[in-house]
Trainee: 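Before we start, here is the structure in question, set down as structure tokens.
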Amino acid sequence: LRALPLGDNPIPREHLATIQQVIVFNNQFSSIKGRHQHFQEFGHNLTAEALKTWAADNPFVHERLVRRLNAPRGASEELVAKLVLTEDKLSLRLPVQQAPER
């Protein structure tokens with residue numbers, strides 16, 4: 001689903017914004033996964049790092065990614081989930097933020 005044509009359906013603005021965020025999340029998740037799938041041996045590592053970077057500064061993406069990876073769809077997503085989710089599967093192992101150079 002790339003877009004959701006809602007036509008003349010009266011949808012509250014806050015619901016519309018949430019629907020749009022979910023569509024963007026799904027498209028971006030699929031894009032990141034697709035860019036790294038062809039690397040057979042280490043594609044899951046590349047996918048995991050890209051997802052962690054994407055989620056680091058966005059609470060919506062962080063929360064949605066935790067839920068998405070707790071229900072992996074296939075072997076490659078299971079490998080990504082093991083790399084990205086914390087032991088309790090309630091959060092993400094985010095990349096370490098480096099201090100800016102002086």
Side-chain angles (χ1 to χ4, degrees):
L1 184 61
R2 299 271 181 221
L4 184 62
L6 298 172
D8 294 328
N9 294 326
I11 296 176
R13 191 176 296 260
E14 62 274 3
H15 293 170
L16 186 59
T18 301
I19 291 168
Q20 290 171 334
Q21 277 186 308
V22 170
I23 290 170
V24 168
F25 173 87
N26 290 339
N27 290 339
Q28 185 66 19
F29 181 84
S30 295
S31 175
I32 289 171
K33 196 172 127 182
R35 281 195 305 260
H36 301 109
Q37 258 181 342
H38 63 277
F39 297 106
Q40 297 293 329
E41 298 295 320
F42 56 91
H44 59 282
N45 290 314
L46 297 172
T47 300
E49 290 306 312
L51 291 173
K52 289 191 292 186
T53 301
W54 178 38
D57 295 325
N58 189 321
F60 176 83
V61 171
H62 185 278
E63 179 184 330
R64 189 86 181 160
L65 192 55
V66 169
R67 283 192 279 155
R68 178 69 174 80
L69 292 176
N70 271 298
R73 299 175 188 167
S76 66
E77 283 188 26
E78 286 180 20
L79 292 171
V80 170
K82 287 178 183 176
L83 294 169
V84 174
L85 293 174
T86 57
E87 293 296 322
D88 60 9
K89 297 186 178 185
L90 297 175
S91 190
L92 304 176
R93 295 181 179 129
L94 295 177
V96 176
Q97 299 289 333
Q98 294 185 358
E101 293 183 26
R102 295 181 187 194

Trainee: In Å and rounded to the nearest 0.5 Å, what is the CD to CG distance from Gln21 to Leu16?
Mentor: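 So the gap between those two atoms works out to 11.0 Å.
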Trainee: Can you tell me how far apart CG (Leu92) and NE2 (His62) are? Round to the nearest 0.5 Å.
Mentor: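 Going from the CG atom of Leu92 to the NE2 atom of His62 covers 4.0 Å.
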Trainee: Would you say Glu14 has more than 12 foreign heavy atoms packed within less than 6.0 Å of its CD?
Mentor: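 Count over threshold, so yes.
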Trainee: Would a hydrophobic clustering, with Ile, Leu, Val, Met, Phe, Trp and Tyr connected at side-chain separations under 4.5 Å, put Trp54 with Val66?
Mentor: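 In one cluster with Trp54: Val66, yes.
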Trainee: Do the side chains of Leu69 and Val24 join up, straight or via other hydrophobic residues, at under 4.5 Å, putting them in one cluster?
Mentor: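 No, Leu69 does not connect to Val24 through the hydrophobic network.
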Trainee: Can you tell me if CZ on Arg67 sees more than 12 non-hydrogen neighbours from other groups inside 6.0 Å?
Mentor: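 Count over threshold, so yes.
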Trainee: From Thr86 OG1 over to Leu94 CG, what is the distance, rounded to the nearest 0.5 angstrom?
Mentor: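 Answer for the OG1-CG pair, Thr86 versus Leu94, is 9.5 Å.
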Trainee: Would you please name every residue forming a ring pair (Phe, Tyr, Trp, His ring centres under 6.0 Å) with Phe39, sequence neighbours left out?
Mentor: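 For Phe39, the residues satisfying ring pair (Phe, Tyr, Trp, His ring centres under 6.0 Å) (neighbours in sequence not counted) are Phe42.
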Trainee: Taking it one step at a time, do Phe29 and Leu65 satisfy side chain to side chain contact (heavy atoms under 4.5 Å, CB included)?
Mentor: CA-CA 9 Å; Phe29 181 84; Leu65 192 55; 3.8 Å; yes
Trainee: Drop me the distance from Ser76's OG to His36's NE2, to the nearest 0.5 angstrom.
Mentor: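 Rounded to the nearest 0.5 Å, the OG-NE2 separation comes out at 12.5 Å.
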Trainee: Between CG of Leu46 and CZ of Arg35, what distance do you get to the nearest 0.5 Å?
Mentor: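 The CZ atom of Arg35 is 10.5 Å from CG of Leu46, to the nearest 0.5 Å.
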Trainee: Which heavy atom of His44 sits nearest to which heavy atom of Leu83, and what is that distance?
Mentor: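 Looking at all heavy atoms of both residues, the closest pair is CD2-CD1, 3.7 Å.
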Trainee: For the atom pair CG (Leu51) and CD (Gln28), what is the distance rounded to the nearest 0.5 Å?
Mentor: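 Here the interatomic distance stands at 9.0 Å.
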Trainee: Of all heavy-atom pairs between Ile32 and Ala50, which one has the smallest distance, and what is that distance?
Mentor: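 Heavy atoms of Ile32 and Ala50 come nearest at CG2-CB, 3.7 Å.
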Trainee: I'd like to know if Arg93 pairs up with Glu49 as an ion pair, taking the criterion as any Lys NZ or Arg NE/NH1/NH2 lying under 4.0 Å from an Asp or Glu carboxylate oxygen.
Mentor: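 No salt bridge links Arg93 with Glu49.
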Trainee: Give the minimum heavy-atom separation between Ala48 and Val80, together with the two atoms involved.
Mentor: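 Taking every non-hydrogen atom into account, CA-CG1, 4.2 Å.
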Trainee: Decide, yes or no, whether a salt bridge links Lys82 with Glu78 under the criterion of side-chain N to carboxylate O below 4.0 Å.
Mentor: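 No.
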Trainee: Taking Ser30 for the side chain and Asn26 for the main chain, is one N or O donor matched with an acceptor at less than 3.5 Å?
Mentor: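 Yes; judged by distance alone, with no hydrogens or angles, the pair exists.
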